[in-house]
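Data block below; observations after.
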There are 2 protein chains.
Amino acid sequence: MAPESYPGAMTPTPTPTTPAAPADDWLRLDQQICFSLHAASRAFNGVYRGILKDLGLTYPQYLVMLVLWEHGTLPVKKLGEHLRLDSGTLSPLLKRLEAAGLVRRERSARDERSVEVRPTEEGAALRERALEVPRRITAATGFGIDEVHALRAHLDRLTAALDAAAENA
Amino acid sequence: MAPESYPGAMTPTPTPTTPAAPADDWLRLDQQICFSLHAASRAFNGVYRGILKDLGLTYPQYLVMLVLWEHGTLPVKKLGEHLRLDSGTLSPLLKRLEAAGLVRRERSARDERSVEVRPTEEGAALRERALEVPRRITAATGFGIDEVHALRAHLDRLTAALDAAAENA
DNA sequence: CACGATTTAATTGCGCACAACTCAATGGCC
DNA sequence: GGCCATTGAGTTGTGCGCAATTAAATCGTG
């Protein structure tokens with residue numbers, strides 16, 4: 001669990017310890033931001049995995065169902081915009097949801113390019129069983145509402161900044 | 001068959017501050033925490049992808065090299081503890097790093113079960129070129145040091161709580 | 001010493017994420 | 001109408017993450 005507390009972190013080969021040591025610290029600090037985020041995301045995924053197993057959903061599949069429960073039938077494009085996912089990810093995922101009987105996919109009559117994704121009766125019914133998921137997740141975090149809100153705001157700002165930076169790259 | 005909606009589908013709720021939040025809001029709030037984290041993690045990954053392309057590394061490979069640069073030669077097990085990854089992820093990743101000429105893997109003489117991973121000359125040299133990565137990443141976030149630190153603390157606390165919760169599951 | 005339990009990597013299988021590509025449908029434009 | 005760029009899904013290929021399994025080396029205990 002602890003990337004710190006490395007007993008006698010021996011460095012056999014390289015120890016270019018500059019007195020001011022900005023370089024070394026930078027590589028370490030850098031790891032802290034991105035790695036923390038990476039680790040937190042995977043930890044979250046792990047907790048969801050355990051809870052969603054009862055529903056027969058993976059975490060990304062759960063996200064898709066959340067959007068469908070909230071907005072009803074949607075074309076794949078819109079679904080992707082909500083979740084920031086493209087068809088390369090969604091197409092096989094939706095196929096699995098369809099195979100599980102939770103959604104149906106059908107070409108739009110108005111625009112034959114578009115595929116409408118709609119929850120089946122079974123998919124809609126699953127929503128009832130999903131209602132307890134948020135509570136269990138929130139409990140697992142041990143965070144209060146305010147804390148959650150603050151963290152979310154922080155993360156959203158970060159995402160926006162990163163997206164903007166990616167544009168110019 | 002006309003597209004139908006179902007109970008609670010199209011409810012725009014801009015006011016989350018109701019005393020007793022109904023179930024609908026719970027499903028929405030829940031999405032906010034985990035989805036924000038998920039999105040931020042992927043956004044980060046995207047920015048790294050662009051920056052690390054010059055070094056010929058993926059983001060997880062970069063994390064591995066960070067650990068090796070810091071600690072020198074390590075067995076796969078220790079590497080996995082630092083990064084919270086198991087051999088199922090690390091083995092193929094290390095093979096690719098070896099194929100790229102950045103690390104070497106050799107069975108420990110003392111314990112034949114263990115495989116020592118050591119950066120090659122080329123791998124060690126890559127560190128110099130990696131020194132600019134943190135700055136570019138930090139710049140992309142638009143965050144100050146303090147902000148980064150606060151966010152990291154928040155995330156680490158979250159990860160610890162989630163890990164603890166996963167234990168009891 | 002022998003034998004079973006534990007440790008360490010590697011492998012297999014599945015699902016997600018993303019880039020690059022294909023293909024059909026659509027819309028704009030002359 | 002005919003042409004062509006654009007749009008929306010799907011497919012392919014690569015890599016990560018994790019569960020489950022396998023195989024070999026090591027350790028512990030009788």
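From a predicted model like this one, the values you see are computed outputs, not experimental measurements. Naming convention: chains lettered A, B, ... in sequence-line order (proteins, then strands); numbering from 1 in each chain.
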### Query
Side chain of B:Glu112: nearest nucleotide among D:dC18, D:dA25, C:dT26?
D:dA25
How many whole angstroms separate atom [atom1] of [X] from atom [atom2] of [N]?
X	N	atom1	atom2	value
B:His38	C:dC18	NE2	P	8 Å
A:Leu162	C:dC18	CG	P	13 Å
A:Leu83	C:dA17	CG	C1'	13 Å
A:Leu37	D:dG17	CG	P	13 Å
B:Leu97	D:dG15	CG	P	11 Å
A:Leu79	D:dG8	CG	C1'	13 Å
B:Arg42	C:dG15	CZ	C1'	14 Å
B:Leu63	D:dG17	CG	C1'	13 Å

### Message
Any carboxylate oxygen within less than 4.0 angstrom of a Lys/Arg side-chain nitrogen, looking at B:Arg107 and B:Glu112?
### Response
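No, no charged N to carboxylate O under 4.0 Å.
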### Message
Using the side-chain hydrogen bond (donor to acceptor under 3.5 Å, both in side chains) criterion, which residues pair with A:Arg84? Sequence neighbours excluded.
### Response
A:Asp163
### Query
Mind checking what makes side-chain hydrogen bond (donor to acceptor under 3.5 Å, both in side chains) contact with A:Tyr62, not counting sequence neighbours?
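A:Tyr62 satisfies side-chain hydrogen bond (donor to acceptor under 3.5 Å, both in side chains) with B:Asp30 once adjacent residues are dropped.
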### Query
Can you list every salt bridge (charged side-chain N to carboxylate O under 4.0 Å, His left out) pair that touches residues 138-149 of chain B, not counting sequence neighbours?
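Of all non-adjacent pairs touching residues 138-149 of chain B, those that pass salt bridge (charged side-chain N to carboxylate O under 4.0 Å, His left out) are A:Arg157-B:Glu147.
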#### Entry: Pairs flagged by salt bridge (charged side-chain N to carboxylate O under 4.0 Å, His left out) wherever residues 31-41 of chain A is involved - sequence neighbours left out
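Output for this query is empty, none listed.
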### Task
Return the set of residues passing ring pair (Phe, Tyr, Trp, His ring centres under 6.0 Å) with A:Phe143 (not counting sequence neighbours), or none when no residue passes.
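Ring pair (Phe, Tyr, Trp, His ring centres under 6.0 Å) list for A:Phe143, sorted by chain: B:His154.
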#### Entry: Position toward the 5' end of DNA chain C (nearest nucleotide), A:Arg110 or A:Leu93
A:Leu93
### Task
Produce a footprint string for nucleotides 6-12 of chain C: one letter per nucleotide, 5' end first; B if the base is under 4.0 Å from any protein heavy atom, S if only the sugar-phosphate is, - if neither.
-BSBBB-
